Each structure stands twice: as C-alpha cells, then as structure tokens.
Engineer: 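Take this structure first; my questions come after.
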Amino acid sequence: MTFKTLDDLTDIAGKRVLVRVDLNVPVKDGKVTDATRIERVVPTIRELSEKGAKVILLAHFGRPKGEPVADMSLSLIAPAVEDILDQRVHFAADCIGEKAATAIAGMSNGDVLLLENTRFHKGEEKNDAEFTKALSANGDIYVNDAFSAAHRAHSSTEGVARLLPAYAGRTMQAELEALEKGLGNPKRPVVAIVGGAKVSTKIDLLMNLVKKVDALVIGGGMANTFIAARGTNVGKSLCEHDLADTAKQIMIEAATAGCAIVLPVDGVIAREFKAGAENEVVDIEAIPADAMVLDVGPKSIAAVNDWVSKAETLVWNGPLGAFEIAPFDKATVAVAKHAASRTKSGGLVSVAGGGDTVSAMNHAGVADDLTYVSTAGGAFLEWMEGKPLPGVDILHQQK
C-alpha cells in the first residue's frame, strides 16, 4: 500500500486525533433512517479510543452553503453515533474557534467528541487556507475515514492532511484495498455491470471502463439507448435518443479495446410502471410500440450470469431493471445472487457501489456476501471513471 494506516500509528494515548467521517445520513422526523455510514466508521473510532487517543470527529451534514442551519446541525446525529458506538459522544457547537477549543481541552484520553458541521463555514468547501489552519489547530494527527467525501478537495478532506500527519482509517483502508482489487490491479477476466436510468450521467464511466475491463454488461434504462442506437425500436421505454452517437462511439471504443459489450437480448415489458403490472417477456427486437422495457429477460440473465461465471473480478454499478418494483427486480436479484455465490466459493472478487447499487444489493440479500459494497456515491463513481480523488491522493503523498 502507498498510504499510512492505523497500523502505522503508535503511542497515541493523549494525542488529539482529528477523524474525518461521513455522517451525512438520511434523517426523518429527527431520527436517522439509515445508519450504514455511521456503522462503517465505528471500528476506527473504537480502535483510536481504546488506544487512549482523544478522538475528535469532523463531518458535514447536508448543504448549508457556509451558514449555520439548525436542521443541518450534527447535534441531530450525535445521539445515533452514541447509540451505535455504545459510548458517550460529546458535542461542540462549532468546529473551530473557542467552542471547539474549550470542548477539546475538557477531553480525557479515550473520549469521543463530535464537532459541529464543517460546512457551516464557507472556508470548508473552498479549502480556504485560514479555515484549514483553524481546523488543523484542533488536532495532532489526522485520520480520513470518509472515502465517500474523498472526491472533494475540501478543508476537512484534503487541506488538513497537508498540515498534519495523515492516515487512512479502517473503512478508508478497506475501500481502497477493495478498489485496487476491482480495477487497480485486478485478476482477469474483469467484468463490469453498469445499469441505471441514463447514459448521460455515466458517459465518462463507460468510456473509462471499456479500456479496463474484458466485458461490459449494460442494463437498466441506459441499455435502451444502446439498443436504439443500433436501429431497434424500444417503444415507450426510457431512452436518450439524442445520445445515439455517443452510444455508438462507446461501442467503437470497446471494439478497439477488445472489450465485449453485453446488451439485453430479451426484456420484460409492461404498459404501465407500477407494482404487479401486467407484463410479458419479448425478444429485444419485438418490443411493441406502446410498451416499455422494465427489466431484462431470462435469456439476458443467463448471458450475464455466464459472464459472471467466467469472471475473476466483477465491478458493479447500477441495477439491471426497475428493481424497486416487483416483478421487475428479477434480473438484478438473480445476477446478484449468482455473483454472491461465486464470491462465497472463493472464485470471484466482487466490488459494488454507487447510486442505487447498495439498495439493490440489500434488496437481493447479498450485501454481506460480496467482497465489498461501497456506500460512497459520487466518490465511487469518480473512481470508476478514472478521475483523481483529492482526499485519497493526499494520503498517498504522505507515505
């Protein structure tokens, strides 16, 4: 590895350790509705606390645009962190200045303190030098455990790492190790599954992947754009007809790179988009003008599973169909279960993440059976697109 981890941290009892975590979790009626991101950072917090460090948490919540906003205060999240960590979590009403300094001065070894939303200051998102300096003054050591925020060059994700000794937390470490296995230095053949609604949001991703993987499976609504680009009528299916030339160019790039493009050969169609809608399976060339494709069909599932069976590495972003509504979840579930089975038997490294992918894997009941499921949205996508991640790059520079 080219970055330092908690294994490189010794004699930290009494040291002030600034830990960047991702606590940007969904909240409804004052309650956290999905605590996955909190659960992911518990190992790092607990390890540092047990070693006697003064653990000071940095995080953002929502988009307050540089001003204090009451319903975006991390004081709303603190009880959930305390409950999941099973340890008292103190709270400071600011992340810099006197309020932060006073709270830190009152800490004992092993204590955990959550500072207020870093985005309550305009300097955070600007990576402003003065704000970064003020933030760094709170600690002796910096640990980044928020891969999901690593694609942003903000003060708390990148700036502080320039001023303090910087390390990757356990979640960041696990994420980076999984991504290295996924696309950095993978075992081949490598198969990527990319689904979701629109090609327009994933052009960079597809262009990057065709140069790195052996087969690219395209599903979801975006598959219709590729199918239509070949001259096939897709009826009322979700389709970006104006991106036909882009789809053709991606297919040309794939052919040049020796990457197989795997598109649906049949689909599950319906006349309305609702649970239990009357549906049928048709060949992809026989989509009725008044129908829409909402999932890939059984022949397509078999073809995708055949690729998964050949693969040594699988990278997955986006569902194959409208998995939120039965019966249009069949393909996503079937392929996810096959991938999980191969992973559990030791024959496949499987890395999934981004957008609806986590929900899809949870829906299929396989989230714990894949090699790694990333809760990072934008950061995971930008990594798949081959873009630099400032919060990761600065850790590599510190080695």
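Bear in mind the structure is a predicted one, so any value in this text is a computation, not a measurement.
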Engineer: Can a side-chain donor-acceptor contact be found between H396 and T2 if the only test is distance below 3.5 angstrom?
Structural biologist: yes
Engineer: With ILVMFWY side chains joined below 4.5 Å, transitively, what does V282's cluster contain besides itself?
Structural biologist: I227, V234, I269, I284, I287, V293
Engineer: With rounding to the nearest 0.5 Å, note down the distance linking CG in L216 to CG in L205.
Structural biologist: 8.0 Å
Engineer: Check this for me: does any side-chain nitrogen of one of E67 and K65 sit under 4.0 Å from a carboxylate oxygen of the other?
Structural biologist: no
Engineer: May I ask you to check whether S350 and T343 show a side-chain donor-acceptor distance below 3.5 Å?
Structural biologist: yes
Engineer: Can you check side-chain contact (heavy atoms from CB on, under 4.5 Å) on M107 and H90, steps first, answer last?
Structural biologist: CA-CA 9 Å; M107 294 179 75; H90 303 270; 5.9 Å; no
Engineer: Is there a path of hydrophobic side-chain contacts, each under 4.5 Å between heavy atoms, that joins L85 and L113?
Structural biologist: no
Engineer: Crowded around K51 NZ? As in, over 12 foreign heavy atoms under 6.0 Å?
Structural biologist: yes
Engineer: Report yes if the side chains of V143 and L18 come closer than 4.5 Å at any heavy-atom pair, otherwise no.
Structural biologist: no
Engineer: Are T232 and E285 linked by a side-chain donor-acceptor pair shorter than 3.5 Å?
Structural biologist: no
Engineer: What closest approach, in Å, do T118 and F131 show between heavy atoms, and which atom pair accounts for it?
Structural biologist: O-CZ, 3.9 Å
Engineer: Linking Ile, Leu, Val, Met, Phe, Trp and Tyr through side-chain heavy atoms less than 4.5 Å apart, which residues share a cluster with M292?
Structural biologist: V268, F273, V281, L294, I325, F328
Engineer: Could you tell me if R20 sits above the aromatic ring of F147, with its cationic atom closer than 6.0 Å to the ring centre and no more than 45 degrees from the axis?
Structural biologist: no
Engineer: Name all pairs fulfilling the salt bridge (Lys or Arg N to Asp or Glu O under 4.0 Å) condition that reach into residues 144-157, sequence neighbours left out, sorted by first residue then second.
Structural biologist: R152-E382
Engineer: Not counting sequence neighbours, which residues clear side chain to side chain donor-acceptor pair (under 3.5 Å) with R37? List them please.
Structural biologist: D22
Engineer: Within the structure provided, determine whether S156 and H60 are in side-chain contact (heavy-atom separation under 4.5 Å).
Structural biologist: no
Engineer: Check whether any side-chain heavy atom of V308 lies under 4.5 Å from a side-chain heavy atom of L348, and answer yes or no.
Structural biologist: yes
Engineer: Measuring from atom CG of L48 to atom CZ of R170, what distance do you get when rounded to the nearest 0.5 angstrom?
Structural biologist: 8.5 Å
Engineer: Taking side chain as C-beta onward, heavy atoms only, is L23 less than 4.5 Å from L74?
Structural biologist: yes
Engineer: I need the minimum non-hydrogen distance between S75 and E116, along with the two atoms involved.
Structural biologist: N-OE1, 4.4 Å
Engineer: Could you please spell out the steps behind the side-chain contact (heavy atoms from CB on, under 4.5 Å) verdict for D34 and V25?
Structural biologist: CA-CA 7 Å; D34 183 351; V25 295; 6.0 Å; no
Engineer: Less than 4.5 Å apart, side chain to side chain, heavy atoms only: is that true for V392 and F3?
Structural biologist: no
Engineer: Going by heavy atoms in the side chains, are E253 and L206 under 4.5 Å from each other?
Structural biologist: no
Engineer: List the residues meeting side chain to side chain donor-acceptor pair (under 3.5 Å) with Y142, not counting sequence neighbours, and say none if there are none.
Structural biologist: N144
Engineer: Distance-only, no hydrogens or angles: does the T102 side chain make a donor-acceptor pair with backbone N or O of E98 under 3.5 Å?
Structural biologist: yes
Engineer: Between R119 (side chain) and P64 (backbone), is there a donor-acceptor pair under 3.5 Å?
Structural biologist: no
Engineer: For residues 261-275, which residue pairs qualify under salt bridge (Lys or Arg N to Asp or Glu O under 4.0 Å), counting only residues two or more places apart or in two chains?
Structural biologist: R271-E280, R271-D290, E272-K274
Engineer: Is there a side-chain contact between V27 and T33 (heavy atoms, below 4.5 Å)?
Structural biologist: no
Engineer: What's in the same ILVMFWY side-chain cluster as L163, cut-off under 4.5 Å, chained through other members?
Structural biologist: none
Engineer: Is there a side-chain contact between C95 and N117 (heavy atoms, below 4.5 Å)?
Structural biologist: no
Engineer: In this structure, would V366 and V358 fall into the same cluster of hydrophobic residues linked by side-chain contacts under 4.5 Å?
Structural biologist: yes
Engineer: What pair of heavy atoms forms the shortest contact from V81 to L57, and how long is it?
Structural biologist: CG1-CD1, 4.5 Å
Engineer: Under 3.5 Å, is there a donor-acceptor pair between the side chain of D295 and the main chain of A331?
Structural biologist: yes
Engineer: I'd like to know if the side chain of T313 and the backbone of G182 have a donor-acceptor N/O pair within less than 3.5 Å.
Structural biologist: no
Engineer: Apply side chain to side chain donor-acceptor pair (under 3.5 Å) to D329 and list each qualifying residue two or more places apart in sequence or on a separate chain.
Structural biologist: H363
Engineer: Roughly how far apart are C239 SG and M222 CE, rounded to 0.5 Å?
Structural biologist: 11.5 Å
Engineer: What is the distance from atom CD of E124 to atom CD1 of I96, rounded to the nearest 0.5 Å?
Structural biologist: 10.5 Å
Engineer: Does the pair L183 and L179 meet the rule for a side-chain contact (heavy atoms from CB on, under 4.5 Å), with working shown?
Structural biologist: CA-CA 6 Å; L183 282 183; L179 300 188; over 6 Å; no
Engineer: Could you list all the salt bridge (Lys or Arg N to Asp or Glu O under 4.0 Å) pairs where at least one residue sits in residues 77-94, not counting sequence neighbours?
Structural biologist: E82-R88
Engineer: Hydrophobic clustering (ILVMFWY, side-chain heavy atoms < 4.5 Å, transitive) - are I141 and I394 grouped together?
Structural biologist: no
Engineer: Any salt bridge between R16 and D140, counting N to O under 4.0 Å?
Structural biologist: yes
Engineer: Would you say T44's side chain and V41's backbone share a donor-acceptor pair under 3.5 angstrom?
Structural biologist: no
Engineer: Take a 6.0 Å sphere around NZ of K310 and say whether it holds more than 12 heavy atoms from other residues, nucleotides or ligands.
Structural biologist: yes
Engineer: Rounded to the nearest 0.5 Å, how far apart are CD1 of I38 and CD1 of I77?
Structural biologist: 6.0 Å
Engineer: If you take all heavy atoms of K54 and N109, which pair is closest and at what distance?
Structural biologist: CE-OD1, 3.5 Å
Engineer: Before accepting this row, confirm whether a basic side-chain N of the pair R162/E158 lies closer than 4.0 Å to the acidic partner's carboxylate O.
Structural biologist: yes
Engineer: Among residues at least two apart in sequence or on other chains, which ones pass ring pair (Phe, Tyr, Trp, His ring centres under 6.0 Å) with F380?
Structural biologist: W383
Engineer: Supply the atom-to-atom distance T201 OG1 to E240 CD, rounded to the nearest 0.5 angstrom.
Structural biologist: 7.5 Å
Engineer: Does a donor on one side chain and an acceptor on the other come within less than 3.5 Å for S374 and E175?
Structural biologist: yes
Engineer: Looking at R230, I want to see if its CZ is surrounded by more than 12 non-hydrogen atoms of other residues, nucleotides or ligands under 6.0 Å.
Structural biologist: yes
Engineer: Only counting residues at least two apart or in another chain, list the ones meeting side chain to side chain donor-acceptor pair (under 3.5 Å) with E39.
Structural biologist: none
Engineer: Considering non-hydrogen atoms only, spot the tightest contact between L395 and A168 and give its length.
Structural biologist: CD1-CB, 4.1 Å
Engineer: Might you point out which heavy atoms bring P319 and A360 nearest each other, and give the distance in Å?
Structural biologist: CB-CB, 4.5 Å
Engineer: Where the side chain of T132 meets the backbone of D128, is there a donor-acceptor pair that is under 3.5 Å apart?
Structural biologist: yes
Engineer: Please check if any side-chain donor atom of N317 sits under 3.5 Å from a side-chain acceptor atom of K202, or the reverse.
Structural biologist: yes
Engineer: Quick one: which residue pairs count as a salt bridge (Lys or Arg N to Asp or Glu O under 4.0 Å) with a foot in residues 208-229, not counting sequence neighbours?
Structural biologist: R188-D214
Engineer: Start with the C-alpha distance between V190 and E312, add both sets of side-chain angles, then the distance that settles side-chain contact (heavy atoms from CB on, under 4.5 Å), and finish with yes or no.
Structural biologist: CA-CA 6 Å; V190 184; E312 291 276 344; over 6 Å; no
Engineer: Just checking, is any N or O donor in the side chain of S309 or H338 under 3.5 Å from an acceptor N or O on the other one?
Structural biologist: yes
